[in-house]
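Inspection log for the structure reproduced underneath, given as structure tokens.
As a basis for the values below, the full set of heavy atoms in this structure was taken, side chains included, without hydrogen atoms, waters or symmetry mates.
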Amino acid sequence: MNLWIAPLAVLIFLSLSAFLPSPKPLIDPGALNSGDTAWMITATGLVLLMTPGLSLFYSGMVNRKNLISTMLQSFVCLGVVTLLWVFCGFSLAFGDSYHGLIGDPRTYFLFAEVGGSPNQDFAPTIPFLLYALFQMKFAIITPAIITGSFAERVRFSGYLLFVALFSLFIYAPVAHWAWHPEGFLRKWGVLDFAGGTVVHTVAGFAALAGAIYLGRRESHVDGNQHEPGNIPFVLIGTGMLWFGWFGFNAGSALAANHLACTAFVTTSTASAAAMLAWMFCEGVRGRKPSALGACIGAVVGLVAITPAAGFVSVGASVFIGICASLISSLCVEWRSRSKLDDALDVFPCHGVGGMVGMILTAVFADDVGVIHGEYTTMGMHLLCLLIVGSFAFFGSLALYWVTDQLITLRVTPEQEREGLDISQHGEFFGETPATSLIEQSKRE
């Protein structure tokens with residue numbers, strides 16, 4: 001039986017929902033703020049831009065024979081997660097809460113009751129539909145971040161199934177815990193302005209689990225030096241990520257106000273400081289400051305400031321960026337000497353960067369940080385990282401195993417040597433590889 005018949009049948013079945021009656025929520029234009037709405041539409045578009053940016057960022061780091069496949073692994077999340085979010089993902093994350101653990105999947109099924117009127121519990125001045133779309137972009141990029149850990153060795157069909165399972169069983173619950181008014185982490189006082197826990201810590205630990213479960217690439221086992229295939233792609237991708245991150249962080253204010261401006265400037269300064277710190281760290285180690293290092297450092301700064309963006313001062317954001325950059329750099333150095341094949345250092349950069357950001361948020365947060373003499377927030381953040389890290393790691397391990405039982409996750413050694421562009425998609429970047437010509441002649 002053709003492997004793709006089942007998902008195509010599911011997609012067609014879901015499309016039949018067009019014939020179901022759909023409630024039409026009333027629109028109360030008097031409750032909307034046009035400035036907030038305009039800004040949030042812009043911010044939602046900026047966050048969407050981050051996923052194509054991530055695809056360029058990652059694809060430039062891999063071998064050229066895996067460039068297209070790496071890009072597609074990010075792009076395809078735009079399709080898979082979007083439909084899941086509309087059908088039940090948004091309900092699981094933001095629906096009626098079940099003891100602060102998960103939302104009722106029936107609450108906003110097919111975006112029922114998600115219309116043009118604001119929802120006072122989530123965003124009181126913008127359409128609730130816009131809030132749902134904004135949150136959808138976060139759900140899209142989180143599984144895309146994970147792909148860097150198992151780059152160059154994952155079967156595309158198995159990856160698609162994992163993305164669906166991860167979005168429903170890992171991402172949605174954690175988003176509910178941290179961002180739903182009834183979520184238990186939010187009630188504990190955990191501060192996560194734009195996704196330090198929900199996006200980066202979750203993606204980092206899921207990536208670590210993926211790198212362990214799928215094992216090492218043949219080139220990694222042989223000790224071959226990994227050379228990025230296209231550094232300009234990395235630079236362009238970093239620019240798109242940095243630009244889009246303003247929507248990610250400043251948009252999380254959910255209004256065009258002073259809080260959004262604060263998040264905008266702290267995002268800029270943290271990333272700038274982290275980029276320079278990474279480059280200077282390379283110089284101290286006797287290496288030439290590299291474009292790749294500058295890009296990685298900038299992204300680590302963006303990751304680290306994400307949970308803190310609206311809660312800390314500009315000076316604190318610079319400190320957060322530098323600390324995260326130096327710590328992540330040390331973790332990347334350690335990883336490179338280990339047998340862990342986290343291909344694009346997702347855990348050292350996103351996982352560690354997110355955790356550093358969460359801890360330093362508890363240090364510098366206005367009024368409730370350690371520097372203000374308050375220690376409760378720090379205790380809650382440490383407990384939050386323990387719970388979320390464990391849930392994301394072991395939950396993802398279980399999902400990798402389930403996926404592997406249904407659809408083999410890892411490509412064969414022959415497919416890995418040939419490259420995923422050809423073996424998984426029948427496409428290639430640049431000249432046709434010699435191995436592909438041989439395989440093509442055999443098929444003919």
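Summarising the geometry, atom CE belonging to M136 is positioned 8.5 Å from atom CG belonging to L78; distances are rounded to the nearest 0.5 Å. Within the model, atoms CG of L382 and CG of L386 stand 9.0 Å from one another, a figure rounded to the nearest 0.5 Å. Once rounded to the nearest 0.5 Å, the distance linking CZ of F111 with CG of L129 reads 6.5 Å. Within the model, atoms CG of N230 and CG of L67 stand 6.5 Å from one another, a figure rounded to the nearest 0.5 Å. To the nearest 0.5 Å, the span separating CG on L54 from OG1 on T147 amounts to 6.0 Å. For the atom pair F150 CZ and L344 CG, the distance stands at 10.5 Å (nearest 0.5 Å).
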Practice task
Show your reasoning for whether salt bridge (charged side-chain N to carboxylate O under 4.0 Å, His left out) applies to R217 and E416.
Solution key: CA-CA 8 Å; R217 291 164 293 173; E416 185 178 337; 5.9 Å; no

Exercise for the section: Go through T269 and S317 one step at a time and tell me if the side-chain hydrogen bond (donor to acceptor under 3.5 Å, both in side chains) criterion holds. Expected result: CA-CA 6 Å; T269 49; S317 72; 2.6 Å; yes

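The shortest distance between side-chain heavy atoms of F391 and F205 does not fall below 4.5 Å. The closest side-chain heavy-atom distance from M358 to M355 is not below 4.5 Å. Side-chain contact between L49 and F243: present, with at least one pair of heavy atoms (C-beta onward) separated by less than 4.5 Å. With a 4.5 Å cut-off on side-chain heavy atoms, F134 and I41 do not count as touching.
Note: H180 and F94 have parallel aromatic rings, judged against thresholds of 30 and 60 degrees for the angle between ring planes. By the 30° and 60° cut-offs, the orientation of the rings of F264 relative to F246 is parallel. Between F128 and Y131, the ring-plane angle classifies as parallel under the 30° and 60° cut-offs.
Between the side chain of S55 and the backbone N or O of P52 there is at least one donor-acceptor pair closer than 3.5 Å. Of the possible polar contacts, one joining the W177 side chain to the L101 backbone as a donor-acceptor pair under 3.5 Å is found. Not one N or O on the side chain of S329 forms a donor-acceptor pair closer than 3.5 Å with the backbone of S325. No donor-acceptor pair closer than 3.5 Å links the side chain of S91 to the backbone N or O of R106. Side-chain atoms of S336 come within 3.5 Å of backbone N or O of E333 as a donor-acceptor pair. Between the side chain of Q415 and the backbone N or O of T412 there is at least one donor-acceptor pair closer than 3.5 Å. Under the 3.5 Å distance criterion, the side-chain polar atoms of T267 are matched with a main-chain donor or acceptor of A263.
Summarising the geometry of Y159 relative to A144, their closest heavy-atom pair is OH-CA, 4.4 Å, with the distance given to 0.1 Å. A pairwise comparison of heavy atoms in L84 and A164 identifies CD1-CA, 3.5 Å as the closest pair.
Classification of R153 and D341 as a salt-bridged pair holds, one side-chain N sitting under 4.0 Å from a carboxylate O. Of the charged side-chain nitrogens involved, none lies within less than 4.0 Å of a carboxylate oxygen, so that K65 and E427 do not count as a salt-bridged pair.
Between Y108 and the options F90, F87, W85, a ring pair (Phe, Tyr, Trp, His ring centres under 6.0 Å) holds for only F90. Among F138, F193, Y171, F122, the one residue that satisfies the ring pair (Phe, Tyr, Trp, His ring centres under 6.0 Å) test with W179 is F138.
Under the side-chain hydrogen bond (donor to acceptor under 3.5 Å, both in side chains) criterion, no residue pair touches residues 374-399, with sequence neighbours excluded.
D404 pairs by the side chain to side chain donor-acceptor pair (under 3.5 Å) definition with Y213, not counting sequence neighbours.
A distance below 6.0 Å separates the ring centres of W245 and H200. Checked against the 6.0 Å centroid criterion, the rings of F162 and Y400 qualify as a close aromatic pair.
Using modelled atom types and a 3.5 Å distance limit, the side chains of S97 and H176 yield a donor-acceptor pair.
Atom CZ of R285 is surrounded by more than 12 heavy atoms from other residues, nucleotides or ligands within 6.0 Å.
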